[in-house]
Structures are given as structure tokens and as C-alpha cells.
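Values below: every heavy atom of this structure, side chains too, minus hydrogens, waters and symmetry copies.
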Amino acid sequence: MGTISHEKQNTINKIFGKSQVIIGVIHCPPMPGTPRYSRGDFISSINTAVEDGLAYISGGVDGLIVENHGDIPFLKPDEIGHEVSTGLAIITDRIRQKTDVPIGINVLANAALPALAIAKTAGANFVRVNQWANAYVANEGFVEGAAATALRYRAAIAAENVAIFADAHVKHGAHAIVADRPLSELVRDVEFFDADAVICTGQRTGDAATVEEITAMRQATSLPLLVGSGTTLDNIGTILPLLDGVIIASALKKGGRWWNAVDRDRVAAFMDKVNGIRSA
């Protein structure tokens, strides 16, 4: 593979101090102003998110992502209210006070600027951006890549230490309207637009990326590669050796459902297997 961007230090090693990391996703309860918000005391929502974070950590995960997954259906970035950013910032700060593991922010859908603002103010280490380069047709409609605006905003708020984890061929969308560019080129675009790590996903939440997709992305980029959906106790042994990390949620929730609380026993069993793979 030819050089398509300037060389970078491996972001996963820099943030976590190791590779093959496991990052648990905190699917926050609905934020105020969203359709599923119960209009109750938001303090209970904060406590729920913090409890999930502590459950992940007690099982031995290496990091966390705070995400507004309860805000279904998601708005486009420019339509997201300040109450969402404020709620996520408070939750992130509360979790930060209770742990020293690296934390990332993902504001759905594709809200890179709010994510960077939250990371800067709450002390998070990275953001996940689902459409960094190019554009795609998503559940929310036509969504454009955020790289150009987000990198300028990151510089403006002096948040260059916040890393960008960017999906390539992200789930829940159609990426090739005219079908004229292969997956490898979409991955190269993410690297060319100065992301720090690339994320491979399946077609929807909880859907696994295939070994073929992982291999194709690995061959297309020199950046660290993570899988962002569909990892389970059954497939982790196959995919982890191919990766720098895994982002996981559904398989570590009670009943394997993303909307349930984190299951400490599932986390412990999963991390026990991960540690066996790492030491092999």
C-alpha cells in the first residue's frame, strides 16, 4: 500500500498503552427533548449510564464510549439540541470522576463537532465519527462526511489531543450511490482525511463484520483498525488477532440486547477469553 497521509504514532498504543483493546459502549438513556425521554429526573439517567460504565470496568474492559443511543430516531448533526450535548458531557464527567480508563464520545447521528466539544470539556480521549469522509444515505437521510469542518473546529478549541476514530462503510446506510468505488478506496479516504483509527462494522447494530471485510480494510490502511459491531464470545477468538481493538456493547448486555443494562458476568466471561487470546 502506498503512502496516502503523513505517518502517525499508533493511536491505540498511545491512548491505551497496548493493543487488542476492548472498548465498552455506554448506550445512554434518552436525553431530554428526545421522543423516548420519560420526562423524569435526569439524575436517574445519569446514574444508569454511570452504573453501566462501572459494570464494564469491573469486568476488565480497557476503555469506554459514551453514546446517545437512546435518542432514536436520530437527528442530523445540525439539528441536535444543546440539551443532548450537555447531558452527555455531564455523564462523561461523572464517569471520568470514577475511573481512569480512556473514554470516547459518539454523538448520533454523525455529530462530530458536539462530540469534540464534549470530549474537550469532559476530558475524553477520542471521538467516534460514523461518516468522516465521503457521504452516504442513512436512516436520517443524506449524511455528509464531517472531516473538513471537524478538524478545523478541533484546532479552534485546542483539542488536537482528542483522537478521531472513524468508521469506513458504516452500518445503517448505503455508501456507493453510483457504486464506482471499492471498499479499499473508502478506507483510504478516511486515512487521507486525517483520521487516527479506522472502524469496520456490519450492516446494523449487533451485526458482525466479516473476516473478509476486516482483511480488506487492514490491507487498505496503515492506521489502527477496530471492529465496531457484532463481536461476541463466539467470534472474538477469530477476529481479535486481526485487529487493534474491538468496540462492543450488545453481547455484554443482559440477554444480549443493546437496550438492557450491562451484565457484569458477561463482561467478565468475555474479558477472560480476551486475556487468554492476548497471552497466547
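Side-chain contact between Glu213 and Thr210 is present, with heavy atoms from C-beta onward closer than 4.5 Å. Side-chain contact between Ile105 and Thr92 is present, with heavy atoms from C-beta onward closer than 4.5 Å. Looking only at side-chain heavy atoms (C-beta outward), Val190 and Leu186 stay at 4.5 Å or farther from each other. For the pair Pro30 and Pro35, the minimum side-chain heavy-atom distance is 4.5 Å or more. Contact annotation: the side chain of Val101 never approaches that of Asp62 to less than 4.5 Å [non-hydrogen atoms, C-beta and beyond]. Residues Leu116 and Val162 are in side-chain contact: their nearest non-hydrogen atoms beyond the backbone lie under 4.5 Å apart. Contact of the Asn139 side chain with the Phe74 side chain is not registered, since no non-hydrogen atoms from C-beta on lie closer than 4.5 Å. By the 4.5 Å heavy-atom criterion applied to side chains, Ile23 and Val246 are not counted as neighbours.
In plain terms, the two heavy atoms of Asp52 and Ala261 that are nearest each other are OD1-CA, 3.7 Å. Of all heavy-atom pairs spanning Ala89 and Ala122, the tightest one is O-CB, 3.9 Å. Of all the heavy atoms in Lys18 and Val21, the pair that sits closest is O-CG1, 3.7 Å. Residues Glu67 and Asn106 approach most closely at OE1-ND2, 2.8 Å, considering heavy atoms. What you find for Phe193 and Ala147 is that their closest heavy atoms are CD2-CB, 3.6 Å. Smallest separation of non-hydrogen atoms from Ala249 and Val25: CB-CB, 3.7 Å.
A chain of hydrophobic side-chain contacts below 4.5 Å, direct or via other Ile, Leu, Val, Met, Phe, Trp or Tyr residues, connects Val107 to Val66. Val129 and Ile103 fall within a single hydrophobic cluster, where Ile, Leu, Val, Met, Phe, Trp and Tyr are joined by side-chain heavy atoms under 4.5 Å apart, directly or via other members. Phe165 and Ile214 sit in two unconnected hydrophobic clusters of ILVMFWY residues. Membership requires side-chain heavy atoms under 4.5 Å apart, directly or through other members. Met217 and Ile247 sit in two unconnected hydrophobic clusters of ILVMFWY residues. Membership requires side-chain heavy atoms under 4.5 Å apart, directly or through other members. No chain of hydrophobic side-chain contacts below 4.5 Å, direct or via other Ile, Leu, Val, Met, Phe, Trp or Tyr residues, connects Ile199 to Leu108.
Put simply, the side chain of Thr34 gets close to the backbone of Met31: a donor and an acceptor are under 3.5 Å apart. The backbone N or O of Thr232 sits less than 3.5 Å from a side-chain atom of Asn235, completing a donor-acceptor pair. Within the 3.5 Å criterion, the main-chain N or O of Gly141 finds no donor-acceptor partner in the side chain of Lys76. Without hydrogens or angle criteria, Asn68 side chain to Asp71 main chain gives no donor-acceptor distance under 3.5 Å. When atom types are taken as modelled, the side chain of Asp196 and the backbone of Ile164 share a donor-acceptor pair closer than 3.5 angstrom. With Ser279 contributing its side chain and Gly276 its backbone, the two residues share a donor-acceptor pair below 3.5 Å. Side-chain atoms of Arg264 never come within 3.5 Å of backbone atoms of Tyr56 as a donor-acceptor pair (strictly under, hydrogens ignored). Side-chain atoms of Gln131 come within 3.5 Å of backbone N or O of Ala133 as a donor-acceptor pair. Proximity of a side-chain donor or acceptor of Thr149 to a complementary backbone N or O of Ala146 within less than 3.5 Å is not detected. Of the possible polar contacts, one joining the Thr121 side chain to the Ile118 backbone as a donor-acceptor pair under 3.5 Å is found.
Phe16 and Phe126 have tilted rings, their planes meeting at an angle from 30° to 60° on a 0 to 90° scale.
In this structure, CD1 in Ile22 is found 7.5 Å from OG1 in Thr231, a value given to the nearest 0.5 Å. The line from SG of Cys28 to CD1 of Ile91 is 4.0 Å long, rounded to the nearest 0.5 Å. We find the CG-CG distance between Asn10 and Leu223 to be 9.0 Å, quoted to the nearest 0.5 Å. To the nearest 0.5 Å, the span separating OG on Ser58 from CE on Met271 amounts to 11.0 Å. Between atom CD1 of residue Ile157 and atom NZ of residue Lys120 there is a gap of 6.5 Å, rounded to the nearest 0.5 Å. Ile80 contributes atom CD1, which lies 10.5 Å from atom CG of Leu113 (distance to the nearest 0.5 angstrom).
Under the 3.5 Å distance criterion, with hydrogens and angles disregarded, no donor-acceptor pair is assigned to the side chains of Arg257 and Asn260. Asp189 and Asn134 are linked by a side-chain donor-acceptor pair at a separation below 3.5 angstrom, with hydrogens and angles left out of the test. Remark: the Asp93 side chain and the Gln97 side chain contain an N/O donor-acceptor pair separated by less than 3.5 Å. Between the side chains of Ser184 and Gln219, no donor-acceptor pair of N or O atoms lies under 3.5 Å.
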Quick one, Asn110 with Asn130, criterion side-chain hydrogen bond (donor to acceptor under 3.5 Å, both in side chains). Give me CA distance, side-chain angles, the key distance, then yes/no.
CA-CA 6 Å; Asn110 214 55; Asn130 300 116; over 6 Å; no

Thr221 and Arg188: side-chain contact (heavy atoms from CB on, under 4.5 Å), yes or no, with the steps?
CA-CA 6 Å; Thr221 182; Arg188 288 170 186 256; over 6 Å; no

Could you walk me through whether Lys14 and Asp244 pass the salt bridge (Lys or Arg N to Asp or Glu O under 4.0 Å) check?
CA-CA 12 Å; Lys14 180 180 178 182; Asp244 295 278; over 6 Å; no

Tell me, with the steps shown, if Asp265 and Lys253 meet salt bridge (Lys or Arg N to Asp or Glu O under 4.0 Å).
CA-CA 10 Å; Asp265 292 336; Lys253 301 292 191 73; over 6 Å; no

Using side-chain contact (heavy atoms from CB on, under 4.5 Å), reason through Asn275 and Phe270 one step at a time and then give a plain yes or no.
CA-CA 9 Å; Asn275 290 328; Phe270 183 80; over 6 Å; no

Between Tyr136 and Phe142, does the side-chain contact (heavy atoms from CB on, under 4.5 Å) criterion hold? Intermediate values first, please.
CA-CA 6 Å; Tyr136 77 129; Phe142 190 72; over 6 Å; no

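Aromatic ring centroids of His69 and Trp258 lie under 6.0 Å apart.
Every residue two or more places apart in sequence or in another chain that forms a side-chain contact (heavy atoms from CB on, under 4.5 Å) with Ile90 is listed here: Ile46, Thr86, Arg94.
Ion pairing between a basic and an acidic side chain is recognised when a charged N comes within 4.0 Å of a carboxylate O; Asp272 and Arg266 show no such pairing.
Annotation: Asp41, atom CG; neighbour count of heavy atoms from other residues, nucleotides and ligands within 6.0 Å is above 12. Heavy atoms from other residues, nucleotides or ligands lying under 6.0 Å from NZ of Lys254 number 12 at most.
In summary, of the residues considered (Leu225, Ile12, Leu226), a side-chain contact (heavy atoms from CB on, under 4.5 Å) with Leu243 occurs for Leu225 alone.
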